[in-house]
> 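The structure's right below; bear with me while I get my questions together.
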Amino acid sequence: MFQVKTKFPDNFLWGGATAANQFEGGSGVDGKGLSVSDVYTFDENIPKEHWSDQWLKMTHKQVEEAHNSSYKKFYPKRHGVDFYHHFKEDIALFAEMGFKSFRMSLAWTRIFPNGNELEPNEEGLAFYDQVFDELNKYGIEPVVSLSHYELPLYLVTKYGGWVNRELINFFVRFAATVFERYKGKVKYWISFNEINSCKHHPFVSLGLIEEGYLDLEQAKFQGAHHQFVASALATKALKEIDPEAKMGCMISYTLFVPYSCSPDDFQKSMERQRDALFFGDVQVRGYYPAYTARILAEKNVILKVEPEDEQILRDYPVDYVSFSYYMSSAVSANPEELEGAEGNLLVGGIKNPYLPSSEWGWQIDPKGLRSALNQLYDRYQKPLFVAENGIGAIDTLREGDIIDDDYRISYLREHIKQMKEAISDGVDVFGYTSWGCIDMISASTNQISKRYGYIYVDQDDMGRGTKRRIKKKSFYWYKDVIATNGEKLD
Ligand code: BG6
């Protein structure tokens with residue numbers, strides 16, 4: 001009865017993850033509209049430490065400029081690495097690595113260019129038909145996010161983003177359209193990528209331009225509530241259209257640890273962890289957790305909840321829990337006393353002296369993945385899916401198409417080992433899609449030279465290059481990992 005599992009389950013979904021806004025390109029092609037991600041510029045003359053500023057906060061002026069074609073700036077996410085025209089070649093490479101699954105997102109703006117149309121764009125739908133057929137040809141299971149930082153820009157400029165309840169209807173129409181269309185082709189869906197990221201970068205997650213909001217917290221919580229209801233209603237539609245299919249939530253999970261053993265630091269780390277867990281609590285359990293009242297009160301937020309919302313959330317929780325895990329971060333109740341210990345800006349927290357960091361200051365903590373898996377499974381008792389994990393690094397292409405990315409192999413190997421440990425702990429995890437299996441545009445910094453892939457793309461931060469795909473050393477390593485179902489890691 002009590003048997004420790006020492007292997008990855010058969011049919012474990014090994015694979016890689018991407019998102020349309022960073023990967024696909026094909027902007028404006030075949031009727032595609034602009035999304036929130038198409039507004040981000042890249043300028044190599046701006047100091048590196050400011051590259052993620054726009055991601056954290058967008059201004060009205062920047063959004064306006066993005067609509068003005070005479071304004072000459074480079075918008076990397078409009079181009080991605082042109083999966084739109086390379087999908088057959090790319091999927092063939094994934095198949096060569098032995099991928100069992102491929103995580104991708106649908107560009108909402110390819111199917112509903114402005115987001116509020118009554119009828120979908122057939123050319124957009126047809127594109128994804130081709131992608132799914134190609135994946136199916138190789139027996140690769142698609143895991144598809146409906147929304148990965150791809151809110152149609154029109155829904156921001158005309159409706160003010162997710163703070164407006166009308167967006168629920170637009171999202172559900174989009175969801176039902178693709179469920180009907182891809183029924184039988186897609187089994188695993190994810191409603192909102194990193195739904196908790198609205199706390200850190202509300203423009204790309206909620207379409208919220210902070211200027212003009214006197215009460216930003218109010219807007220963030222209201223936007224998140226609308227996404228919760230939209231996700232639950234999309235799940236309802238999925239169950240009606242394709243009862244075999246599964247809906248997952250997706251949480252950005254940084255593991256927060258107390259900087260010291262002081263009770264204050266411990267309390268602070270618990271609060272920070274809850275910032276992420278709050279979202280899972282609603283989407284998995286189907287109701288707001290008991291601690292919500294206090295959080296809202298302390299932030300002076302009065303959430304507008306319609307009478308039917310509570311029942312909708314209860315009736316349609318998610319089937320599985322997916323999450324991204326890149327790093328852990330230390331938390332102190334008195335960070336100002338710890339000079340020079342500032343951690344990663346994107347997640348807050350402070351530097352953990354026990355851990356190394358990536359070139360972008362993300363602290364590498366493989367054991368943190370084991371803890372994350374245990375925490376999430378203990379809390380939710382639902383199957384888990386590691387939807388993202390990886391290291392962004394500068395790769396050097398040497399003569400003869402050689403890229404020795406041992407640092408990447410080492411990062412992934414150690415994380416996979418810890419995932420195996422979690423399986424021995426009894427955690428039910430059914431898949432792992434490492435982030436950016438092929439190089440693409442970084443979400444936070446809009447550059448390509450922060451590379452995650454097993455496959456190198458010959459392109460620089462200003463979009464120059466041949467876009468040729470080149471296999472890195474990690475390509476062959478991951479192929480062996482998959483072929484041996486995670487047994488051969490060294
Ligand atoms: C996650 C996102 O936050 O991290 C991805 O879901 C993103 O879209 C990934 O690309 C890595 O972050 P970055 O900023 O290094 O691209």
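Just so you know, ligand 1 is whichever comes first in the structure, and atom 1 is the first atom listed for that ligand. For the single chain, residues carry numbers from 1 onward in sequence order.
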> Report yes or no: is the cationic atom of K472 (NZ for Lys, CZ for Arg) closer than 6.0 Å to the six-membered ring centre of W477, at no more than 45° off its axis?
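Not flagged: K472 not positioned over aromatic ring of W477.
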> Residue-level breakdown please: for W360 versus ligand 1, do any non-hydrogen atoms fall below 4.0 Å on the side chain, on the backbone, on both, or on neither?
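The answer is neither.
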> Counting each atom of ligand 1 from 1 as listed, which ones have a heavy atom of Y452 under 4.0 Å away?
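By the 4.0 Å cutoff, the relevant atoms are 11 (C), 12 (O), 13 (P), 15 (O).
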> Are E134 and F94 packed together at the side-chain level, in the sense that at least one heavy-atom pair is separated by less than 4.5 angstrom?
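No; the side chains remain at least 4.5 Å from each other.
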> At less than 4.0 angstrom from any non-hydrogen atom of N193, what atoms of ligand 1 do you find?
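This gives 6 (O) as the contact atoms.
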> At a non-hydrogen distance cut-off of under 4.0 Å, which region of Y325 contacts ligand 1 (side chain, backbone, both, or neither)?
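Neither; no heavy atom under 4.0 Å.
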> Looking at non-hydrogen atoms alone, which of K450, R451, E388, H201 comes nearest to atom 4 (O) of ligand 1?
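Going through K450, R451, E388, H201 one by one, E388 has the nearest heavy atom to atom 4 (O) of ligand 1.
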> Looking only at heavy atoms, what is the nearest atom pair of A107 and K32, with distance?
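Closest approach of A107 to K32, heavy atoms only: CB-CE, 3.9 Å.
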> Between T41 and Q54, is any side-chain donor less than 3.5 angstrom from a side-chain acceptor?
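Yes, Q54 and T41 have a side-chain donor paired with an acceptor closer than 3.5 Å.
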> Report yes or no: is the cationic atom of R110 (NZ for Lys, CZ for Arg) closer than 6.0 Å to the six-membered ring centre of F127, at no more than 45° off its axis?
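Flagged: R110 positioned over aromatic ring of F127.
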> Any nitrogen or oxygen of S444, side chain or backbone, less than 3.5 Å from one on ligand 1?
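Yes, at least one N or O pair falls under 3.5 Å.
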> Quick check on contacts: which atoms of ligand 1 are under 4.0 angstrom from a heavy atom of S442?
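Ligand 1 atoms under the 4.0 Å threshold to S442: 13 (P), 14 (O), 15 (O), 16 (O).
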> On the 0 to 90° scale, with breaks at 30° and 60°, tag the W362-Y326 ring pair as parallel, tilted or perpendicular.
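Answer is perpendicular, since the angle exceeds 60°.
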> For H148, is the nearest heavy atom under 4.0 Å from an atom of ligand 1?
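The answer is yes: ligand 1 sits under 4.0 Å from a heavy atom of H148.
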> Is it the case that atom NZ in K100 sees more than 12 heavy atoms from other parts of the structure closer than 6.0 Å?
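12 or below, so no.
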> Report yes or no: does Y326 have a heavy atom closer than 4.0 Å to ligand 1?
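Yes.
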> Pick one of side chain, backbone, both or neither for how A19 approaches ligand 1, counting any non-hydrogen atom pair under 4.0 Å.
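It is neither part, as no heavy atom is under 4.0 Å.
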